[in-house]
Every structure is written in structure tokens, then in C-alpha cells.
Student: 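To start, I am sharing the structure in question, which I have written as C-alpha cells.
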Amino acid sequence: MTVPQRRSWQPPAGEELVARAPVSFATGAAHRVKGRRWFRDIERRDIQGDLAGWPPGPAYRLRSRVGPAVWTVLTAAFLLGLFVLTVVSGGNGPSGGSTNGGDSLGRSEDPDDEETDFPVLWAAPGTIARTLPWELDPDRRPGTDLTHLILTDRRLLVLGGLRDPREPWEEILGETDLSTIATVERRPFSVGGRDFRITFTDGSWCRLTSLEGEPLVRHLTAGGPPVSP
């Protein structure tokens, strides 16, 4: 018997598909929040246990401040050694390299939410961000699953499915009308500059990341709600 092929999701007649990309909740990049994420209310309290239907997830703590301090000392020692070597060799020491690694993040413009905390959901009770599906959290979904953000000319949808090209993702996990989106902001203080934040008209927001999200963000910038640079 022939098994029918499953088809990826397409909008109904009269609705236009604009862009789509695999997405997930972002992950902290600064030392104290690296590899971590939190879900907050407007008083900065943890709300992941209050989100309806969400399975349990990890309870993260901030990393120690010791790491950056040690790294600063080691970097200073390296630079001093490099300077001495250059002087001793008559200026013919190593050159052309940068002491700033290619992954350097620079300085955050929002340290409260990027260095000393890293909320990926900021939502008072009853707000739109609280309706986002738990499948956006890589710590909660299986490694075989993925989530996609879909932009049409009417809606923003989250779809979920299997990480298998033979079984395309097609299940709608959540959606909202474009009229509920206030702003979309790129968040450059992130690995590869891949993070972006969607703020809804009720003041709640989420921070997402995507390896392939630039077309999606660009379309929201060009044709969607007001977008911050």
C-alpha cells in the first residue's frame, strides 16, 4: 500500500505566505547568562511554572562572576607578554592578529536583559506572549523536533514538526494577527547577531533566534508593523 505523502503547511486561499524560518527562544551569550534563558513577568519573577500546558524545564542560575575576572587577568598577562616579546625582538614580533576573538560580542545596550538576566519571555498575566507554545524552547522539545515562524500577509504563526525532510512540519502551535505586533527589533548583542525581539501591543514580548531568520525580520521591517533598527 502506498503511504500518502504529508505536505508542509500552506495558507488558505486568499492569504499569502510571505516568509518562514526555523526559530527557537534565544540563549544567553554573555558569561553570566551563557547557555541560559528565563521566562519573566513584569516584576522579573520566574513564570515558567505558571504557563498553561508547559512541561517542566530546567531552573537556571546565573554563572559566577569569577570566570570573567580570571579571563581579564589572563588577557592582560597575554598582552603584557606580547608587548615584551615585541620590544625584545625589535618590533618584529607577531603582528596582524587581533586579541579580540571573532566571537566578541562588544558592549550590550541592555545589560539588565542581556548580561545580568536573560528573559526570552516578558509577560504579565493574560498577555499575548504567554500564549506562545512551549515547543519554542529547545530545552523542552525533543531533538528530533523543530519549530518554524511563518509570516503571512495576515498572521504570524508558529508551526511544529519533525526534523525530517520526509515528514515536513505542518502542525500549527500558535498564531496571532499582525495587528497585535507593535515592534520587531534586531538584538545585535547575540551570537552571530541572530536574535530578534517581537513586542506585542499589550507590552509583552519574546526574544527569538534563527540561523535563517533575516528574510523574516526583513519582511517584518519592510511591510509589517513599525520596526526598531
Side-chain angles (χ1 to χ4, degrees), residues 7-26 37-45 47-48 50-54 109-110 112-114 118-138 140-141 146-161 168-190 193-229:
R7 299 173 60 188
S8 57
W9 181 87
Q10 295 295 325
E15 185 174 3
E16 181 183 352
L17 177 64
V18 178
R20 58 187 176 188
V23 298
S24 62
F25 285 129
R37 65 179 69 83
W38 287 271
F39 307 88
R40 305 294 195 196
D41 65 11
I42 57 176
E43 302 297 329
R44 209 173 281 278
R45 292 178 295 229
I47 60 171
Q48 62 176 332
D50 301 330
L51 298 171
W54 281 42
E109 296 180 356
D110 188 8
D112 287 346
D113 288 337
E114 295 181 326
F118 195 80
V120 295
L121 201 67
W122 185 267
T127 54
I128 295 170
R130 289 206 184 205
T131 67
L132 291 171
W134 60 264
E135 288 89 345
L136 285 168
D137 185 2
R140 286 178 163 83
R141 69 172 186 251
L146 53 79
T147 50
H148 278 237
L149 195 64
I150 309 295
L151 173 65
T152 76
D153 59 349
R154 299 180 183 179
R155 297 178 287 170
L156 198 61
L157 305 95
V158 180
L159 270 62
W169 44 269
E170 59 178 3
E171 178 186 7
I172 297 178
L173 303 175
E175 62 179 280
T176 187
D177 291 341
L178 292 184
S179 62
T180 67
I181 300 174
T183 61
V184 179
E185 305 170 85
R186 292 180 175 87
R187 309 303 289 173
F189 191 78
S190 57
R194 297 191 293 258
D195 291 6
F196 57 99
R197 187 168 75 186
I198 299 174
T199 302
F200 301 99
T201 51
D202 59 14
S204 65
W205 53 261
C206 63
R207 180 169 178 149
L208 305 174
T209 192
S210 176
L211 282 169
E212 306 167 25
E214 177 55 30
L216 184 68
V217 176
R218 187 171 64 248
H219 278 294
L220 282 168
T221 304
V227 177
S228 301

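In this chain, residues are counted from 1 in sequence order.
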Student: Find out whether Trp134 and Leu51 are in side-chain contact, i.e. whether some heavy atom of one side chain is under 4.5 Å from a heavy atom of the other.
Tutor: no
Student: With distance as the sole test, does Asp41 use its side chain to make a donor-acceptor pair with the main-chain N or O of Arg45 at under 3.5 Å?
Tutor: yes
Student: Minimum heavy-atom separation for Asp177 to Thr180, with atom names?
Tutor: O-OG1, 2.7 Å
Student: Minimum heavy-atom separation for Asp113 to Pro119, with atom names?
Tutor: OD1-CG, 3.5 Å
Student: Given Phe39, which partner from the list Phe25, Trp122, Trp205 fulfils the ring-ring contact (aromatic ring centres under 6.0 Å, His included) test?
Tutor: Phe25
Student: How far apart are the closest heavy atoms of Asp153 and Gly14, and which atoms are they?
Tutor: OD2-O, 4.4 Å
Student: What I'd like to find out is whether the side chain of Leu157 reaches to under 4.5 Å of the side chain of Trp9, using heavy atoms alone.
Tutor: yes
Student: Any idea which heavy atoms bring Gly213 and Ser210 closest together, and the distance?
Tutor: N-OG, 3.0 Å
Student: Just by distance, no angles: are the side chains of Asp202 and Thr127 close enough, under 3.5 Å, to form a donor-acceptor pair?
Tutor: no
Student: Salt bridge or not between Arg141 and Glu135? Use side-chain N to carboxylate O under 4.0 Å.
Tutor: no
Student: Under the criterion side chain to side chain contact (heavy atoms under 4.5 Å, CB included), I'd like the reasoning laid out for Gln10 against Glu170: C-alpha separation, chi angles, the key distance, then a yes or no.
Tutor: CA-CA 8 Å; Gln10 295 295 325; Glu170 59 178 3; over 6 Å; no
Student: What I'd like to find out is whether the side chain of Pro133 reaches to under 4.5 Å of the side chain of Val158, using heavy atoms alone.
Tutor: yes
Student: Just how far is it from atom OG of Ser204 to atom CG of Leu121, taken to the nearest 0.5 Å?
Tutor: 7.5 Å
Student: With a 4.0 Å cut-off, would you call Arg187 and Glu109 a salt bridge?
Tutor: no
Student: Would you call Phe196 and Leu149 a side-chain contact if the rule is heavy atoms closer than 4.5 Å?
Tutor: yes
Student: Is a salt bridge present between Glu15 and Arg155, judged by a nitrogen-to-oxygen distance below 4.0 Å?
Tutor: yes
Student: Taking all atoms of both residues into account, what is the closest heavy-atom pair of Ala26 and Asp195, and its distance?
Tutor: CB-OD2, 3.4 Å
Student: Mind listing the closest non-hydrogen atom pair of Arg207 and Phe189 along with its distance?
Tutor: NH2-O, 3.1 Å
Student: Verify side-chain hydrogen bond (donor to acceptor under 3.5 Å, both in side chains) between Arg37 and Gln48, making sure each step is shown before the conclusion.
Tutor: CA-CA 11 Å; Arg37 65 179 69 83; Gln48 62 176 332; over 6 Å; no
Student: Taking the side chain as every heavy atom from C-beta outward, state whether Arg154 and Leu178 have any atom pair closer than 4.5 Å.
Tutor: no
Student: Got Leu17 and Leu151 here, is their nearest side-chain heavy-atom distance under 4.5 Å?
Tutor: no
Student: Verify side chain to side chain contact (heavy atoms under 4.5 Å, CB included) between Leu132 and Leu173, making sure each step is shown before the conclusion.
Tutor: CA-CA 8 Å; Leu132 291 171; Leu173 303 175; over 6 Å; no
Student: Give, for atom CZ of Arg218 and atom CZ of Arg186, the distance between the pair rounded to the nearest 0.5 Å.
Tutor: 8.0 Å
Student: Less than 4.5 Å apart, side chain to side chain, heavy atoms only: is that true for Thr199 and Glu185?
Tutor: yes
Student: Answer yes or no: are there more than 12 heavy-atom neighbours, outside Ile172 itself, under 6.0 Å from its atom CD1?
Tutor: yes
Student: What I'd like to find out is whether the side chain of Arg194 reaches to under 4.5 Å of the side chain of Leu211, using heavy atoms alone.
Tutor: yes
Student: Is there a donor in the side chain of Thr152 and an acceptor in the side chain of Glu16, or the other way round, less than 3.5 Å apart?
Tutor: no
